[in-house]
Amino acid sequence: NAFINHYSAILTPIIKSKCANLWVFRTPEEFTDRDLNDLFFPYGNLLAAKINIDKETGKSKGYGFVSYDANESAEAAISALNGVYINGKRLKIERKKKDFD
């Protein structure tokens with residue numbers, strides 16, 4: 001798929017750099033990319049903050065992805081936000097285990 005190849009070529013160097021990538025699970029259904037960005041930006045320089053949206057329903061799938069430019073920022077975000085309740089949902093934040101090959 002040309003679309004995937006195009007964006008993989010752009011994102012792979014960013015994600016493979018020394019940035020820190022996090023999964024954010026159990027996000028509130030009404031959470032947007034902006035909400036995720038606003039929640040995580042106090043802990044460092046964000047490269048990306050994205051909520052995964054179901055294409056058929058247009059609703060959140062209950063998780064997202066955050067990428068920082070530094071491991072220290074990711075660790076600070078995990079320490080501050082993992083287990084925090086937002087709108088009745090308890091966030092679970094984990095480091096992304098494997099980046100693109």
Side-chain angles (χ1 to χ4, degrees):
N1 182 318
F3 178 80
I4 291 172
N5 290 337
H6 173 75
Y7 283 99
S8 289
I10 293 169
L11 292 175
T12 297
I14 293 170
I15 293 174
K16 281 190 147 184
S17 70
K18 296 194 186 233
C19 62
N21 304 302
L22 303 175
W23 288 111
V24 183
F25 299 102
R26 301 184 200 136
T27 58
E29 186 176 300
E30 66 278 3
F31 238 45
T32 65
D33 293 348
R34 178 66 182 192
D35 294 325
L36 195 63
N37 184 80
D38 290 349
L39 184 63
F40 281 84
F41 92 90
Y43 305 99
N45 186 34
L46 282 171
L47 301 176
K50 185 77 178 151
I51 291 289
N52 196 331
I53 302 294
D54 184 292
K55 291 178 183 175
E56 290 185 24
T57 66
K59 293 184 180 181
S60 168
K61 290 185 176 182
Y63 67 93
F65 174 81
V66 174
S67 183
Y68 284 104
D69 67 351
N71 286 321
E72 298 80 14
S73 299
E75 291 302 322
I78 291 169
S79 293
L81 297 173
N82 192 41
V84 168
Y85 283 89
I86 297 182
N87 297 346
K89 297 276 194 161
R90 187 172 183 224
L91 295 181
K92 179 179 178 184
I93 304 167
E94 295 179 356
R95 279 194 170 273
K96 188 170 183 276
K97 291 181 177 44
K98 184 176 179 189
D99 293 324
F100 294 161
D101 292 325

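Computation of the quantities below employed the complete heavy-atom set of this structure, encompassing side-chain atoms and omitting hydrogens, waters and symmetry-equivalent molecules.
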Taking the side chain as C-beta and beyond, is there a heavy-atom pair between [X] and [Y] under 4.5 Å?
X	Y	result
L46	Y68	yes
L81	V24	no
N52	F65	no

Which pair of heavy atoms, one from [X] and one from [Y], lies closest together, and at what distance?
X	Y	value
N82	K92	OD1-CA, 3.3 Å
L36	A49	CD2-C, 4.0 Å
P28	S60	O-OG, 4.2 Å
R95	W23	O-CD1, 4.3 Å

Can you sort out the partners of E72 under side chain to side chain contact (heavy atoms under 4.5 Å, CB included), two or more places apart, ordered by chain and number? A70
How long is the gap from [atom1] on [X] to [atom2] on [Y], to the nearest 0.5 Å?
X	Y	atom1	atom2	value
D33	I53	CG	CD1	6.5 Å
N37	I51	CG	CD1	11.0 Å
R26	I93	CZ	CD1	10.5 Å

So L39 and V66, side-chain contact (heavy atoms from CB on, under 4.5 Å) or not? Walk me through it. CA-CA 10 Å; L39 184 63; V66 174; over 6 Å; no
Polar side-chain atom of S73 near backbone of Y43 as donor-acceptor pair, under 3.5 Å: yes
Kindly say whether T32 contributes a backbone atom to a donor-acceptor pair with the side chain of D35 at under 3.5 angstrom?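 Yes.
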Please determine if K89 and E29 form a salt bridge, counting it only when a charged side-chain N lies under 4.0 Å from a carboxylate O. no
Count the heavy atoms of every other residue, nucleotide or ligand shown that sit under 6.0 Å from NZ of K59, and state whether that count exceeds 12. no
